[in-house]
Each structure stands twice: as C-alpha cells, then as structure tokens.
Amino acid sequence: MEQLVTSPDTPAPDRSRTPHQLFPSAEQQVTGAPRRTRRMRRTLAVTALLAAGALALSACGGDAEAGGNDDGKNGQAGADAAAKKDASDAKITVSSKDGATDASINDTGVKVTGGKLTDVKLTAADTGATVAGAISPDGTSWKPGAQLERGTKYKIVANAKDAKGRPATENATFTTVSSANSFIGTYTPDNGKTVGVGMPVSFNFDKVITNKKDVQSHIKVSSSSGQEVVGHWFGSQRLDFRPEDYWKAGSKITMKIDLDGVKGGNGITGVQSKTVTFTIGRSQVSTVDMNTQTMTVKRDGKVLKRVPISGGSPEHPTYNGQMVISEKFEQTRMDGSTVGFGGEYDIKDVPHAMRLSSSGTFIHGNYWGPSSVFGNSGTSHGCVGLRDNKGGGGDTPGKWFFNESLVGDVVIVKNSHDRMVQPDNGLNGWNLSWSDWKAGSAS
C-alpha cells in the first residue's frame, strides 16, 4: 500500500475520494477507532519527522554517557596518540634555521639522532643547482662539499630512518649572509708554506672593523716553539700577529680562524672558519750597510756571503729599518710613475725582484747600471740593487740572492740618510718595540 509522508513544507495533496474510502477500514471496524481526519494525519507525520530528526542529531553527537558531547576531541586525541606512538625515533636537525637570512656559508649541515640519514638534497632556490655533499660513514651527519655562496637562497630536504625503518623528514629554506652584511680577511702566509723568520701573520679585512676585540679574540696564532704571539691593529682593517723576536727556525705556526658568525660592527658578520698551518724555515737575516754599499747575508747566525750592492742615491735614499720580503718575482716591470716618480724610469724586465715595502721598495737585480757602482755608490730611487744580467741568466749576485731567499726573510737597512720605514708599510711591524706592539692589541 502506498504510504503518505507529509511535512509542513510538503503538505499532503488533496485526493478525491473513491467509493472504497467512504467506509472505515478493517482496523477501524475491529478496534472501533474513529476515522481520522486529514488534519490529524498531517500532525502525526510532522511529529514523526521531528522525532527522526532528534534521532539523527543524537546519532551524530552522541550522548553524555557515550562521550559524544566533546565535539570529536576524544577521537582526534586518540588518533594523535596513535600517530605519536608510531612516530620515527629519528630526529633531524638542520644547522641553518628555516627562514634565516644570515645563515653561515661554512657550517651548514645536517645531523640526526635516533636514526641514520638516507639522503640529503641541498639546492640553490633560484637556479635549482644542486650542492654536492656527503653523509658521514656512520650516517649521523651530512655536510656540503664546498663553501656556500654569500647572499644566496637555498633549500634543503633531509630524510632519515630509525632502527625500525620508520621515516623522518626535515625541510628548511634559508638565505646565506650577504656580501654587504659580512666581512672576510685576506691573510698571509698561505697554508702549507715555508717562510722566513720575519714573516708575520697579516690580515686585511674588506670592511671596517669596529668590534676589534671580538674579531681579534677569534683569531688564534700559536707556535710550536712556545713563543708568545700578540696581535696589533694598524687602523681598522688590518691586524698583524708576531712574537717579540723573530720566529724560531723550524717551528710550526698554527692559525685558527673562527670568525664565522662573529659581529665585526656596523651590521657586518664574519664568514670565515678554517685552520692554517705554515713552517718557519732556516733563519736568514741580511744587513745592508749604506756606508759601505755592502750586504752581509747571515744564515742561522753565521755569515753566508757578503754581496756588493747599490742603494738609494743621495736624492732618493733607501728607508732604514727591518724589512721583510713579502713577494718574489723572477721578472717584473718597475714604472716610476706608479710610486710618485713621474716618468723618471720605466724598466719592463727587472730581474730577480723581491718586495720590501708596499710603497715600492725592492731588492732586485740591476743589469743597466755599470759594474763599478756596486759596492761603491748609491744610484737607485730607493731600492737595493744587485748586479745582474738582462733576462736574469748567468751566475750573478742578483740571481744568487734570489735563489737563497724565502718570502719572510729579513733585510735590514742601516746608515741611510732616509727615515725609518713605517711599520705598516709592508710587513714591517718589527720596527715597533714590543711594548708599542702590545699596546696596539685589542685583547
């Protein structure tokens, strides 16, 4: 039999009575119940729908006894607890924090505890270029194979698994410190070099350093000889280190640079982190006497050779003082206009040249002067000249001294009519007393 369902929004349609509806139903005849009107049927239908709606609401929300009145919190809490229980024990840490804008170019890396790394991918965000790196043999760390670029945005994805094989992932996007907001120091000598006993450690920074104390404290220079080593600032961009006396021959010098992340002042941060070692060779100190125009070369305290020279002329005398060989050139050009002499000379092939000052003082071979001047008179514009041949060939004093000398050897000039060379004119800090040198330290 078709059932009639009604609601307040969908009233029952009117139906014309058929002959069989004129009589009561069998149920009515049995029970004696009166015949219902159309209004009664509609009311009962509405009541039934409301009851059904109440049941539906009860089914979604639950009742108090069933714990269903917490808006589903218990169910979610249970799911969270289950997920936590099954979470990987591997905990990944990326040294460069996500969102950082001043990340290190040296120390970016990944570490994991409670598991082992399976793969790490580091890419430049703008180009997609991959930065090569390697996972450590024990699987607990990863490092890039090269220093990162300054002012570059990178993305890193690291994956690991714990002992049960459960995976863990960590993502980070960071930008390395920019060139404008960082500083570096170029230094001498280089790692692995063998140098003379007068060679200081010298840093030249590319930015003005106002936080000198912190910067100096993060550069440690030590000697295997046990000599005390002290730093001295020449202005705000140069820092040199030396002992009280020349380095001990044969000693090993270690320089630890730990400037990464150090604030240099005025919004700049250091980016260098490395260790440099070099060796002090035999002791060679040569003394040039302008009165006799002779240079006495001493090796380990003993006279190795006396060499005739031609120093600066009376009009252009050579500096006095202790000077350190900072560069060596088999052949070089010397143009007077580059050191304030105008067009007085321009020699394009000076042989066996070794720099003694930043302002242009050299000890070098001289093939253009007559042999008679060496050992007798000063004829140069301030340099120390030794007899030599054009092209540097043959057995000459100039060639001999060049071959016997190291960068870092000391050349002392005395009895010149010029002033003392300035301590910061080249690597010539030995012309400061020890007390004055220590007074220039920031630590």
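Numbering starts at 1 and runs along the sequence shown. Quick caveat: nothing in here was measured; it's all calculated off a predicted structure. Atoms considered below: every heavy atom in the structure, side chains included; atoms not considered: hydrogens, waters and symmetry mates.
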Q. Is the NZ or CZ atom of Lys328 positioned over Phe402's six-membered ring, under 6.0 angstrom from the centre and within 45° of the axis?
A. yes

Q. Considering only heavy atoms from C-beta outward, does the side chain of Asp98 approach that of Phe174 to under 4.5 Å?
A. no

Q.
Can you confirm whether the side chains of Ser251 and Ser224 place a donor and an acceptor under 3.5 Å from each other?
A. no

Q. Hey, are the side chains of Val421 and Met323 touching, using non-hydrogen atoms and a 4.5 Å cut-off?
A. yes

Q. Under 3.5 Å, is there a donor-acceptor pair between the side chain of Ser136 and the main chain of Ser141?
A. yes

Q) Which atom pair, heavy atoms only, marks the closest approach of Asp89 to Asp162? A) N-OD2, 2.9 Å

(Q) Using side-chain hydrogen bond (donor to acceptor under 3.5 Å, both in side chains), reason through Thr269 and Lys263 one step at a time and then give a plain yes or no. (A) CA-CA 5 Å; Thr269 303; Lys263 303 302 180 182; 3.0 Å; yes

Q. Got a donor-acceptor contact below 3.5 angstrom from the Thr287 side chain to the Thr296 backbone?
A. no

Q.
Give me the atom names and distance for the closest heavy-atom approach of Ser236 to Val208.
A. OG-CG1, 3.5 Å

Q: Please indicate whether Asp395 has more than 12 foreign heavy atoms, meaning atoms of other residues, nucleotides or ligands, lying under 6.0 Å from its CG.
A: no

Q | Any side-chain donor near an acceptor of the partner, Tyr367 and Asp349, under 3.5 Å | A | yes

Q. Do Asp300 and Ser283 meet the criterion of a side-chain donor-acceptor pair at a distance under 3.5 Å?
A. no

Q: Give a yes or no answer on whether the side chain of Thr318 reaches the backbone of Gly382 with a donor-acceptor pair at less than 3.5 Å.
A: yes

Q: Check the pair Arg333, Asp346 against salt bridge (charged side-chain N to carboxylate O under 4.0 Å, His left out), reporting the backbone distance first and the verdict last.
A: CA-CA 7 Å; Arg333 177 184 179 184; Asp346 184 2; 2.7 Å; yes

Q: Measure up the Tyr187 and Phe203 rings against each other and bin them: parallel (under 30°), tilted (30 to 60°), perpendicular (over 60°).
A: tilted

Q. Ignoring hydrogens and geometry, is there a side-chain-to-backbone donor-acceptor pair from Ser88 to Ala90 under 3.5 Å?
A. yes

Q. Between Gln216 and Trp233, do the side chains contain an N or O donor and an N or O acceptor separated by less than 3.5 Å?
A. yes

Q: Please examine the side chains of Lys252 and Ser223, heavy atoms only from C-beta on, and report whether any two atoms are closer than 4.5 Å.
A: no

Q: Decide if atom NZ of Lys155 counts as having more than 12 heavy atoms of other residues, nucleotides or ligands within a radius under 6.0 Å.
A: no

Q) Nearest 0.5 Å, what's the NZ-OG1 distance between Lys193 and Thr277? A) 12.5 Å

Q.
Within the 4.5 Å heavy-atom criterion, are Leu259 and Val215 side-chain neighbours or not?
A. yes

Q | Distance in Å, Ile156 CD1 paired with Thr173 OG1, rounded so as to fall on 0.5 Å steps | A | 10.0 Å

Q.
To check you understand the geometry: which heavy-atom pair defines the closest contact between Pro423 and Phe234, and what is its length?
A. CB-CE2, 3.9 Å

Q | Parallel, tilted or perpendicular: rings of Phe329 and Phe362 (30°, 60°) | A | tilted

Q. Does Gln322 use its side chain to pair, donor to acceptor, with the backbone of Trp430 at less than 3.5 Å?
A. yes

Q) Do Arg150 and Ser182 have side-chain atoms, one donor and one acceptor, less than 3.5 Å apart? A) yes

Q | Residue pair Val297 / Trp400, side-chain heavy-atom distance below 4.5 Å | A | yes

Q. Any luck finding a side-chain donor-acceptor pair between Thr113 and Lys91 under 3.5 Å?
A. no

Q: Go through the steps to decide whether Thr275 and Ile257 satisfy the test side chain to side chain contact (heavy atoms under 4.5 Å, CB included), and finish with yes or no.
A: CA-CA 6 Å; Thr275 298; Ile257 307 168; over 6 Å; no

**Q.** Pair Asp388-Thr396, side chain to side chain contact (heavy atoms under 4.5 Å, CB included): steps then yes or no
**A.** CA-CA 5 Å; Asp388 214 329; Thr396 64; 3.0 Å; yes

Q. Stepwise, does the side-chain hydrogen bond (donor to acceptor under 3.5 Å, both in side chains) test hold for Ser104 with Asp260?
A. CA-CA 7 Å; Ser104 168; Asp260 198 28; 2.4 Å; yes

Q) For residues Thr186 and Asn204, is any side-chain donor paired with an opposing acceptor at under 3.5 Å? A) no

Q.
Under a 3.5 Å threshold, yes or no: a donor from one side chain and an acceptor from the other, between Asn425 and Ser359?
A. yes

Q.
Just verifying a value: how many Å separate Phe278 CZ and Asn191 CG, rounded to the nearest 0.5 Å?
A. 10.0 Å

**Q.** Any donor-acceptor N or O pair under 3.5 Å, side chains Thr108, Ser96
**A.** yes

Q. With a 3.5 Å cut-off and no angle check, do the side chains of Thr118 and Asn159 form a donor-acceptor pair?
A. no

Q: Work out which heavy atom in Thr210 is nearest to a heavy atom in Gly265; give both atom names and the distance.
A: OG1-CA, 3.2 Å

(Q) Any donor-acceptor pair under 3.5 Å linking the side-chain atoms of Asp214 with those of Asn211? (A) yes

**Q.** Lys111 versus Thr93, side-chain donor and acceptor atoms under 3.5 Å
**A.** no

Q: Say whether, by atom type as modelled, one donor and one acceptor occur between the side chain of Asn431 and the main chain of Asn428 under 3.5 angstrom.
A: yes

Q. Between Glu330 (side chain) and Pro351 (backbone), is there a donor-acceptor pair under 3.5 Å?
A. no

Q. Would you find a donor on one side and an acceptor on the other, under 3.5 Å apart, between the side chain of Trp247 and the backbone of Gly198?
A. no

Q) Roughly how far, to the nearest 0.5 Å, is NE2 of His232 from CZ of Arg238? A) 9.0 Å

**Q.** Polar side chain donor-acceptor pair, Gln227 to Tyr246, under 3.5 angstrom
**A.** no

Q) What's the spacing between Cys383 SG and Leu356 CG if we round to 0.5 Å? A) 8.0 Å

Q | Any donor-acceptor N/O pair, Arg299 side chain to Gln284 backbone, under 3.5 Å | A | no

Q.
Show the nearest heavy-atom pair for residues Trp434 and Glu228, with the distance to one decimal.
A. CZ2-OE1, 4.0 Å

**Q.** Within 6.0 Å of CD in Glu404, more than 12 heavy atoms from elsewhere
**A.** yes

**Q.** Shortest non-hydrogen contact between Asp409 and Gly196, atoms and distance
**A.** OD1-CA, 3.5 Å

Q: Supply the atom-to-atom distance Trp437 CH2 to Asp240 CG, rounded to the nearest 0.5 angstrom.
A: 4.5 Å

